[in-house]
Amino acid sequence: MEERENILVNTCSFAGVKPVMVDLPYPPIQVAGRNPVYANLLSNDYCGAVSELSATTQYINNENRLSCDRCGMAKTILGIAMAEMMHLQKLGELIYLLGGNVDFVARQQNGRARMWTPEYLTIPENVKKMLLADIEAERDAINQYQMHINMINDPYVNAVLVRIIKDEEYHIMLLQMMMEELQ
């Protein structure tokens, strides 16, 4: 951050930042057939407490809070957020193809539904706790995706979820590297 005559300026440039993801293609976005049960499961990955919407929002918040003091870290966090946005988009397409609603409501198997809320986010004040919360969120997402893969009998949907997990594992590795840089 630079100060010029009492004007504060963020000198961190985000030009050229790209999604941070594994260098592998995503499978085609297709489904074996309409299945509202599968769509409801994916709605939780889309916008539940552990979801791509929560991850995207949490990463953007973290990037904003880091950009003035830790530009390099902020750029990586923004790149991760961009990858999470791509996951969100792919899940939305799958939900639609499965016959579900893409409306920021996570639907449970018991018929309950809850609209996404920022209460799902973890917003710690210091960088170390921020990175730890991000690592935990990525692990929770992987566990949830693996659980959903076990519940979904559609090879096309599962192929997309397996590919998303690869990005989430890569994000954990990068976040852990950033943690080590803080030591």
Side-chain angles (χ1 to χ4, degrees), residues 14 16-63 73-109 116 120-122 130-179:
F14 293 97
V17 173
K18 292 183 170 49
V20 172
M21 53 197 350
V22 176
D23 189 19
L24 293 170
Y26 279 89
I29 305 300
Q30 58 190 10
V31 300
R34 290 194 181 277
N35 189 318
V37 172
Y38 296 169
N40 288 347
L41 282 174
L42 295 183
S43 75
N44 290 280
D45 300 318
Y46 185 80
C47 64
V50 175
S51 70
E52 298 299 339
L53 183 59
S54 293
T56 299
T57 307
Q58 185 164 306
Y59 281 123
I60 292 293
N61 183 276
N62 291 347
E63 171 270 313
M73 188 178 286
K75 287 179 180 184
T76 301
I77 296 291
L78 178 60
I80 293 172
M82 293 166 75
E84 304 296 357
M85 284 185 256
M86 293 180 69
H87 300 162
L88 183 71
Q89 189 273 333
K90 291 176 185 321
L91 289 170
E93 285 186 40
L94 288 171
I95 292 166
Y96 179 80
L97 291 173
L98 289 164
N101 294 316
V102 183
D103 56 7
F104 301 108
V105 174
R107 292 167 176 80
Q108 307 298 315
Q109 290 178 333
W116 185 85
Y120 294 151
L121 306 179
T122 302
M130 183 187 299
L131 293 173
L132 286 171
D134 291 342
I135 291 167
E136 182 180 345
E138 293 284 1
R139 287 183 178 142
D140 289 346
I142 290 168
N143 290 336
Q144 183 169 288
Y145 280 127
Q146 289 172 332
M147 182 178 68
H148 288 169
I149 288 167
N150 292 332
M151 298 168 77
I152 294 172
N153 188 20
D154 182 322
Y156 305 114
V157 173
N158 285 341
V160 174
L161 299 183
V162 166
R163 175 59 187 81
I164 289 173
I165 287 172
K166 291 182 186 321
D167 286 339
E168 307 301 20
E169 291 169 338
Y170 183 54
H171 296 163
I172 289 172
M173 183 196 72
L174 292 172
L175 292 163
Q176 288 172 332
M177 288 172 57
M178 286 189 273
M179 282 287 293

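Worth saying up front: this structure is predicted, and the values here are computed from it rather than measured. The basis for the numbers below is simple: all heavy atoms, side chains too, and nothing from hydrogens, waters or symmetry mates.
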Review point. Would you call Gln109 and Met151 a side-chain contact if the rule is heavy atoms closer than 4.5 Å?
Key: yes
So, the side chain of [X] versus the backbone of [Y]: is there a donor-acceptor pair under 3.5 Å, distance only?
X: Ser54; Y: Gly48; result: yes
X: Asn158; Y: Ile152; result: yes
X: Asp154; Y: Val31; result: no

Check your understanding: When you look at CE of Met177, are more than 12 heavy atoms from neighbouring residues, nucleotides or ligands closer to it than 6.0 Å?
Key -> no
Check your understanding: When you look at OH of Tyr96, are more than 12 heavy atoms from neighbouring residues, nucleotides or ligands closer to it than 6.0 Å?
Key ->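 At most 12 heavy atoms, drawn from other residues, nucleotides or ligands, come within 6.0 Å of this atom.
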To the closest 0.5 Å, what do you measure between [atom1] ([X]) and [atom2] ([Y])?
X: Leu132; Y: Met179; atom1: CG; atom2: CE; value: 4.0 Å
X: His148; Y: Gln146; atom1: NE2; atom2: CD; value: 11.5 Å
X: Ile142; Y: Ile149; atom1: CD1; atom2: CD1; value: 10.5 Å
X: Leu94; Y: Ile29; atom1: CG; atom2: CD1; value: 5.0 Å
X: Gln176; Y: Ile135; atom1: CD; atom2: CD1; value: 5.0 Å
X: Gln30; Y: Leu97; atom1: CD; atom2: CG; value: 9.0 Å

Would you mind writing out the side-chain donor-acceptor pairs for residues 78-88 within the sub-3.5 Å range, not counting sequence neighbours?
residue	atom	partner	partner atom	Å
Glu84	OE1	His87	ND1	3.1
Glu84	OE2	His171	ND1	3.1
His87	ND1	Glu52	OE1	3.3
His87	ND1	Glu168	OE2	3.4
His87	NE2	Tyr26	OH	3.0
His87	NE2	Asp167	OD2	2.8

If you look at every heavy atom in [X] and [Y], which pair is closest and at what distance?
X: Ala137; Y: Gln58; answer: CB-NE2, 4.5 Å
X: Asn153; Y: Tyr38; answer: N-OH, 2.9 Å
X: Pro25; Y: Arg163; answer: O-NE, 3.4 Å
X: Leu98; Y: Gly33; answer: CD2-O, 3.5 Å
X: Ala106; Y: Cys47; answer: N-SG, 3.6 Å

**Study point:** Verdict with supporting geometry, Met130 and Ile77, side chain to side chain contact (heavy atoms under 4.5 Å, CB included)
**Key:** CA-CA 11 Å; Met130 183 187 299; Ile77 296 291; over 6 Å; no
Review point. Do Leu42 and Leu161 pass the side chain to side chain contact (heavy atoms under 4.5 Å, CB included) test, and can you show the C-alpha distance, the side-chain angles, and the key distance before you say yes or no?
Key: CA-CA 10 Å; Leu42 295 183; Leu161 299 183; 4.0 Å; yes
Exercise for review: Could you walk me through whether Val157 and Asn35 pass side chain to side chain contact (heavy atoms under 4.5 Å, CB included), step by step?
Suggested key: CA-CA 11 Å; Val157 173; Asn35 189 318; over 6 Å; no
Practice item. Verify the distance criterion only: is there a donor paired with an acceptor across the side chains of Asp134 and Asn62 at less than 3.5 Å? Key: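 Checked: Asp134/Asn62 side chains pair up, N/O donor to acceptor below 3.5 Å.
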Check your understanding: In chain order, what residues pass the ring pair (Phe, Tyr, Trp, His ring centres under 6.0 Å) check against Tyr46, with sequence neighbours excluded?
Key ->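 Testing Tyr46 for ring pair (Phe, Tyr, Trp, His ring centres under 6.0 Å), a comparison that skips the adjacent residues, returns Phe104.
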Check your understanding: salt bridge (Lys or Arg N to Asp or Glu O under 4.0 Å) with Asp103: which residues, sequence neighbours excluded?
Key ->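 Testing Asp103 for salt bridge (Lys or Arg N to Asp or Glu O under 4.0 Å), a comparison that skips the adjacent residues, returns Arg107.
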Check your understanding: Stepwise, does the side chain to side chain contact (heavy atoms under 4.5 Å, CB included) test hold for Asn61 with Thr57?
Key -> CA-CA 6 Å; Asn61 183 276; Thr57 307; 5.8 Å; no
